[in-house]
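Each remark here refers to the structure printed beneath this line.
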Amino acid sequence: MAVDVTAEGTDKLFTYLVPRSLAGRLTPGQWVRVPFGGRRLVGLYVGPAERPPEGVALKEIAGLLPDIPPIPAPLVQLARWTADRYLSTFPAALRLLLPTEARRQEVRTLTITNYRLNVDDVEALVSELRRRAPRQAELLAYMARVGGEAERAQVLADLGESIAGPIRVALEKGWLTAGRVARRRDPFADEHVEPAPPPVLTPEQEQALASIRQELIAPPAFRQPVLVHGVTGSGKTELYLRAIALVREMGKNAICLVPEISLTPQMIQRFRARFGGDVAVLHSALSAGERFDEWQRIRRGEVSIVVGARSAVFAPFENVGLIIIDEEHEQSYKQEAPPPAYHAREVAAERARLEGALLVLGSATPALESFHLAQTGVYRLVSLGHRIDNRPLPPVTLVDMREELRAGNRSIFSRALVEALDQTLSAREQAILFLNRRGYNTFIMCRSCGEAIQCVHCAVALTYHLGDDHLACHYCGYTAPVPLVCPSCGSDKIRHLGAGTERVEQELQRLYPHVRVARMDVDTTRRKGAHAAILKRFADHEVDVLVGTQMITKGLDFPGVTLVGVVLADTSLNLPDFRAAERTFQLVTQVAGRAGRGDRPGRVIVQTYQPDHAALQAAAEHDYHRFFAEEIRFRQELDYPPFAHMIHLVISGEDEAAVAATAQNVHRVLAEGGFGGQILGPAPAPLAKLRGKYRYHLVLKGPDVRAMAAEVKACFAAARGKWRASRSVSLSVDVDPVSIL
DNA sequence: AGCACGCCGACT
DNA sequence: GTCGGCGTGCTC
Ligand SMILES: [Zn+2]
Ligand SMILES: [Zn+2]
């Protein structure tokens, strides 16, 4: 029998003997526990071994994971595909199919104690006890009153904590018996949701829904994925809810992926208001136990809808009819850290193909890859060009900050933005100010020698934080006091440059002392619930201006907001990354979409030093098509995605010479191994040092990812024995990277 | 990830 | 001559 051991870093199958106790109980896809080098590991039974390895003493499978049935075959296939496509080991991909809680020695479940009354003539006993032991009598009378059975927590709540003593006595006397019941850990136990009737659809929504319906009933071979391109506020979520209702009527299940940051209580409420308890939620804010219980509900078929972040694409459903990806352009769908570095959109497409489901992607700013597939006829394009109730999209003004400097305005706010703020605030309306940098100053530099103060562990400038009065590294968390003299030349002419959200907040407060300002960024939302608290204060208009980073751009719906200001749009434009323009366009469009969602029209002011940049101009016109036409040409000319695929290899380690040498060796292995695509590099990565480790990188380019991935794997396999990277350096592989820093 | 094995420098 | 560091390979 072959068992795939979930030991990271190994892609081998291992053979085990099936103990008599498991004979006949093993089906492929079953999770098992096996001894492995002195330890117990979780493995996946993939099937009988064709021929047992020679000269090895086989061990026996220790047992099954309790209460976890075999993974359905399409999901095992999906894991295999993910491992191949994203160049990870099979066990690493399998890890996505099993919540961590399920691999524990003992799965912890939430159990509650309940008591049952065990007395024939309660009345007699109660009256007998009344004088001698009034609390005893009270307890027994209570038990009789509630029908002979009650949960311990309820008894304590109703009769007071001091009833614990009498309960113990009653148990000893045999008047009560105790039992334990498993209870689902329900993350929404405290919330009660009113069912909400579906609103009337706009004609555009009706049309879009009709297209989705057509694809849903089409035979799988003719089924086309649907790309919903809907402007901000056009009612995409309602469309998803309707589509889900359709598949549910067809007796199939639906998965709806939502970016982690948008998976707010409000979003979940919308699903529960429509579908009640038929919804399971999977996201990282759940405790391991809650996550496991939600996972079990999905697996057992107790729900037909899953709403979740990236990893929910692996939800243990059978019979999936629909996979929706909301805000499909979002980068958070790309896994970065533990391999496989998969993109949920790609995995969803493959899962839909494997299971004959319909894939629906939605965005106001589709990823270039997705819109390209729509243009080439692979996806069916559905457009929602108007906001609900025909509310206009807010006009966007680009303000040239060079002009401001020339006019002698050295403030971070342009005259136009100040004027707009004046008007908005005096009309008692709300504003959002967006800047994609936190902290007070983004770097500190010496005026004598020009040196910027860097993190000791990373090749990154330190940011000054006013609140903590120190310099901090946003990559590794290192902090240092603000130096009085330059660390490299000793000069005291130290200059603070570049503004972050803290600075914006402070300047704003100085300009408008009576205006209520709140700041939302990683620094103010570290505490659990802080995020929701800030948004609530803003929603209740206890705050006039919300200053924030990325996290305020996503799906927030505040009707009172009539002004959105982008303090500096250039920050994401100048990154050494081929997606810089796309990211900027998305950011500006999304944040602009927060304005004018209520009855009063909104407007947007975007400050920039590059007002002629095509991405900004297109965003200002709300013209996705123009942006796309421009950007796709650039991508084609330079052979970037979607015309080519990339594989990003990063070699890192503490010894720079060893890192450089390894990077060179990796290049050799690929070149000599006959890798067919382009090999760029090695070169020091743009982020040359991170957390004390030097970083070198190579970029591989070619038209066919799966072929490239297979070739890379073959090259390393061929080199095995001849050369292997030492353990002091590590190699990370990112297929179709979202950025190549 | 943990453990054994082996090579090389430092010290009894 | 031996002890122990660490870099490397293997675990059915
Ligand atoms: Zn750092
Ligand atoms: Zn200096």
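Chain letters run A, B, ... following the sequence lines, proteins first and then strands; every chain starts at 1. Computation of the quantities below employed the complete heavy-atom set of this structure, encompassing side-chain atoms and omitting hydrogens, waters and symmetry-equivalent molecules.
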> Is any side-chain N of the basic residue among Arg579(A) and Glu369(A) closer than 4.0 Å to the acidic one's carboxylate O?
Replying inline: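 Looking at Glu369(A) together with Arg579(A), the answer is yes, because their closest N to O distance falls below 4.0 Å.
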>> Strictly below 4.0 Å, N to O, side chains only: are Asp293(A) and Arg297(A) in salt-bridge contact?
In response: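 Here Asp293(A) does not pair with Arg297(A) in a salt bridge, since their nearest N and O are not under 4.0 Å apart.
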Just the rounded figure in Å: distance from [atom2] of [N] to [atom1] of [X].
X         : N       : atom1 : atom2 : result
Trp723(A) : dG9(C)  : CH2   : C1'   : 16 Å
Leu41(A)  : dC3(B)  : CG    : C1'   : 13 Å
Glu654(A) : dG7(C)  : CD    : C1'   : 15 Å
Asp11(A)  : dC10(C) : CG    : P     : 16 Å
Lys59(A)  : dT11(C) : NZ    : C1'   : 7 Å
Leu17(A)  : dC12(C) : CG    : C1'   : 9 Å
Arg39(A)  : dA1(B)  : CZ    : C1'   : 5 Å
Tyr16(A)  : dC12(C) : OH    : C1'   : 5 Å

> Is there a donor N/O on one and an acceptor N/O on the other, under 3.5 Å, for the side chain of Arg727(A) and the base of dG9(C)?
Replying inline: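 Side chain to base: pair found, below 3.5 Å.
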>> Run the side-chain contact (heavy atoms from CB on, under 4.5 Å) test against Glu346(A) and tell me which residues pass, sequence neighbours left out.
In response: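 Trp81(A), Arg85(A), Tyr86(A), His343(A).
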>> Whether Lys12(A) contacts dC12(C) is assessed here as follows: a side-chain N or O lying under 4.0 Å from the phosphate OP1 or OP2. Is that the case?
In response: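 Answer is no, no contact under 4.0 Å.
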Using residues 692-709 of chain A as the side-chain source, report each donor-acceptor pair under 3.5 Å to any protein atom, sequence neighbours left out, with the distance given to one decimal.
| residue | atom | partner | partner atom | Å |
| --- | --- | --- | --- | --- |
| Arg695(A) | NH1 | Leu687(A) | O | 2.9 |
| Arg695(A) | NH1 | Leu741(A) | O | 2.8 |
| Tyr696(A) | OH | Glu656(A) | OE2 | 3.3 |
| His697(A) | ND1 | His648(A) | NE2 | 2.8 |
| Lys701(A) | NZ | Leu638(A) | O | 3.2 |
| Lys701(A) | NZ | Asp639(A) | O | 3.2 |
| Asp704(A) | OD1 | Arg706(A) | N | 3.1 |
| Asp704(A) | OD1 | Ala707(A) | N | 3.3 |

> Which nucleotide in the set dG9(C), dT11(C), dA1(B) lies at the smallest distance from any side-chain heavy atom of Arg724(A)?
Replying inline: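 The closest nucleotide is dG9(C).
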